[in-house]
Amino acid sequence: TGALRGVAPAGLKDVLRPLRAPQVLTFAPEFNAKDVPPTSPIPITFLTPMSPSDAAIRISPDVKGSFSWSGRTVTFTPEEKFPLGATINVTVTREARSWLFRRADSELAWSFNVLAAPSVVETAPKQGALYAPASSQLALTFNREMERASVEARLVVSPPIPNMKLEWTKNKLLIGGNLRANTNYRVFVASGAKDLQFGMTMPSDFAWQFTTTQQYPYLAIIGVGRYGVTEADKPTTLKAQMVNVSRIDAALYSLDIPTY
């Protein structure tokens with residue numbers, strides 16, 4: 001029989017194809033598809049014309065919908081949305097029968113993932129971190145690119161970060177500024193922020209908190225080096241760089257050249 005299959009003319013194969021057992025040729029969404037819209041239909045095309053039987057197709061989890069059979073194709077159209085973020089499993093069982101009532105030789109199963117609502121999937125520092133470096137940049141990573149204005153309008157950082165600056169890299173929001181040492185920060189994004197591609201909104205608020213580590217005080221006078229030259233009859237301004245310093249007490253001393 002195998003040898004005859006190999007040498008059978010193409011025309012004969014076309015004649016015999018409707019007599020064969022059911023076999024799935026194509027289906028959608030494809031195997032392991034990601035971010036599938038929650039109202040997507042599921043079309044399945046067979047090798048042979050089929051005898052309609054809704055029981056031949058299993059879809060899990062259960063969703064209300066209807067099957068439409070037409071020749072070699074059956075299409076499941078959901079009447080309600082697939083659960084957001086869910087994995088949908090589809091099985092074509094051996095109960096699938098051709099127009100001659102021949103059963104399928106084996107089952108075919110595949111799955112796809114439904115689009116999830118926009119959400120924060122990662123933070124840096126991590127949620128609840130106790131020793132976050134005060135010099136680090138904060139980062140919020142979403143599960144896909146967001147409508148930036150809708151996120152920024154709902155973003156609250158407490159206590160406020162001096163000189164706070166927001167930057168985006170695709171689906172990641174970077175928060176820069178002068179973080180205070182030994183401080184508990186809370187970052188809040190209210191519900192309603194939209195993703196860029198689908199316009200879906202975050203269904204719930206996002207809250208994140210962390211604590212920066214302690215830092216030793218640091219003070220330096222900028223640009224002077226070991227000594228500087230100023231004019232005695234004009235005011236002089238010295239620029240200082242400081243970290244974790246709340247007050248500077250300064251005094252002016254006179255040094256003669258030998259002492260210097």
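Closest non-hydrogen pair, Ala21 versus Asp105, comes out as CB-OD1, 3.8 Å. Taking each heavy atom of Phe46 and Leu25 in turn, the nearest pair found is O-CD1, 3.7 Å. Closest non-hydrogen pair, Ser51 versus Ser98, comes out as CB-O, 3.3 Å. Nearest approach of Pro41 to Thr77, heavy atoms of both residues: CB-OG1, 4.4 Å. The minimum heavy-atom distance between Pro203 and Pro118, with the atom names listed, is CD-O, 4.0 Å. Across Pro22 and Ala96, no two heavy atoms sit closer than the pair CG-O, 3.5 Å.
Atom CG of Asp62 is surrounded by 12 or fewer heavy atoms from other residues, nucleotides or ligands within 6.0 Å. Within 6.0 Å of the CD atom in Glu145, the count of heavy atoms belonging to other residues, nucleotides or ligands exceeds 12. Within 6.0 Å of the OH atom in Tyr131, the count of heavy atoms belonging to other residues, nucleotides or ligands does not exceed 12. Within 6.0 Å of the CZ atom in Arg154, the count of heavy atoms belonging to other residues, nucleotides or ligands exceeds 12. Counting non-hydrogen atoms of other residues, nucleotides and ligands closer than 6.0 Å to CD of Glu30 gives a total of 12 or fewer.
Between the side chain of Thr91 and the backbone N or O of Thr93, no donor-acceptor pair lies under 3.5 Å. Using a distance-only test at 3.5 Å, with no hydrogens or angles considered, a donor-acceptor pair links the side chain of Arg94 to the main chain of Ala104. Of the possible donor and acceptor atoms, one in the side chain of Gln127 sits under 3.5 Å from a partner among the backbone N and O of Ala207. At least one donor-acceptor pair closer than 3.5 Å links the side chain of Thr212 to the backbone N or O of Thr183. In this structure, the side chain of Ser136 does not engage the main chain of Ala134 through any donor-acceptor pair within 3.5 Å.
Residues Phe27 and Val90 have side chains not in contact (no heavy-atom distance under 4.5 Å, counting atoms from C-beta outward). Taking the side chain as every heavy atom from C-beta outward, Thr169 and Glu167 never approach each other to under 4.5 Å. In this structure the side chain of Ile175 never reaches within 4.5 angstrom of the side chain of Tyr185, judged on heavy atoms. The shortest side-chain heavy-atom distance between Leu138 and Leu179 falls under the 4.5 Å cut-off. Side chains of Arg97 and Met50 form no contact here, defined as non-hydrogen atoms less than 4.5 Å apart. Proximity of Asn32 to Ser111: side-chain heavy atoms (C-beta onward) are separated by under 4.5 Å at one or more points. Ile57 has its side chain out of reach of Phe76: every pair of non-hydrogen atoms, C-beta onward, lies at least 4.5 Å apart. The shortest distance between side-chain heavy atoms of Pro43 and Val74 does not fall below 4.5 Å.
Placement of Phe210 and Ile161 within a single hydrophobic cluster is found when ILVMFWY residues are connected by side-chain heavy-atom separations under 4.5 Å, directly or transitively. Both Met164 and Val189 are assigned to one and the same hydrophobic cluster, defined by single-linkage of ILVMFWY side chains at heavy-atom distances under 4.5 Å. Linking Ile, Leu, Val, Met, Phe, Trp and Tyr residues whenever their side-chain heavy atoms come within less than 4.5 Å leaves Leu174 and Leu140 in two separate clusters. Taking hydrophobic clusters as Ile, Leu, Val, Met, Phe, Trp and Tyr residues chained together by side-chain heavy-atom distances below 4.5 Å, Trp69 does not share a cluster with Trp99. Put simply, Leu47 and Val24 are part of two different groups of oily side chains (I, L, V, M, F, W, Y) that touch within less than 4.5 Å, one to the next.
Here Ser119 contributes atom OG and Asn143 contributes atom CG; the two are 4.0 Å apart, rounded to the nearest 0.5 Å. With values rounded to the nearest 0.5 angstrom, Thr45 atom OG1 is found 6.5 Å from Arg72 atom CZ. Here CG of Asp35 is found 7.0 Å from CD of Gln197. Values are rounded to the nearest 0.5 Å. The structure places CG of Leu166 at 5.5 Å from CG of Leu173, a figure rounded to the nearest 0.5 Å. The distance from atom CZ of Phe198 to atom CG of Leu196, rounded to the nearest 0.5 Å, is 10.5 Å. With values rounded to the nearest 0.5 angstrom, Ile44 atom CD1 is found 7.0 Å from Ile42 atom CD1.
Ring pair Phe82/Phe112 is perpendicular by interplanar angle, where above 60° counts as perpendicular and below 30° as parallel.
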- Query: Where do Glu79 and Ser66 land on the side-chain contact (heavy atoms from CB on, under 4.5 Å) test, with the steps shown first?
  - Reply: CA-CA 7 Å; Glu79 296 175 4; Ser66 59; 4.1 Å; yes
- Item | From CA spacing to verdict: side-chain contact (heavy atoms from CB on, under 4.5 Å), Asn171, Arg144 | CA-CA 5 Å; Asn171 60 330; Arg144 54 184 174 272; 5.5 Å; no
- Assess whether side-chain contact (heavy atoms from CB on, under 4.5 Å) is satisfied between Lys194 and Met200, documenting all intermediate values. CA-CA 5 Å; Lys194 296 181 180 180; Met200 296 179 65; over 6 Å; no
- Item | side-chain contact (heavy atoms from CB on, under 4.5 Å) evaluation trace for Trp110 with Val92 | CA-CA 9 Å; Trp110 81 95; Val92 179; 4.3 Å; yes
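Looking only at atom types and distance, the side chain of Arg186 has a donor-acceptor partner in the side chain of Asn184 under 3.5 Å away. There is no side-chain donor-acceptor pair under 3.5 Å between Ser204 and Ser191.
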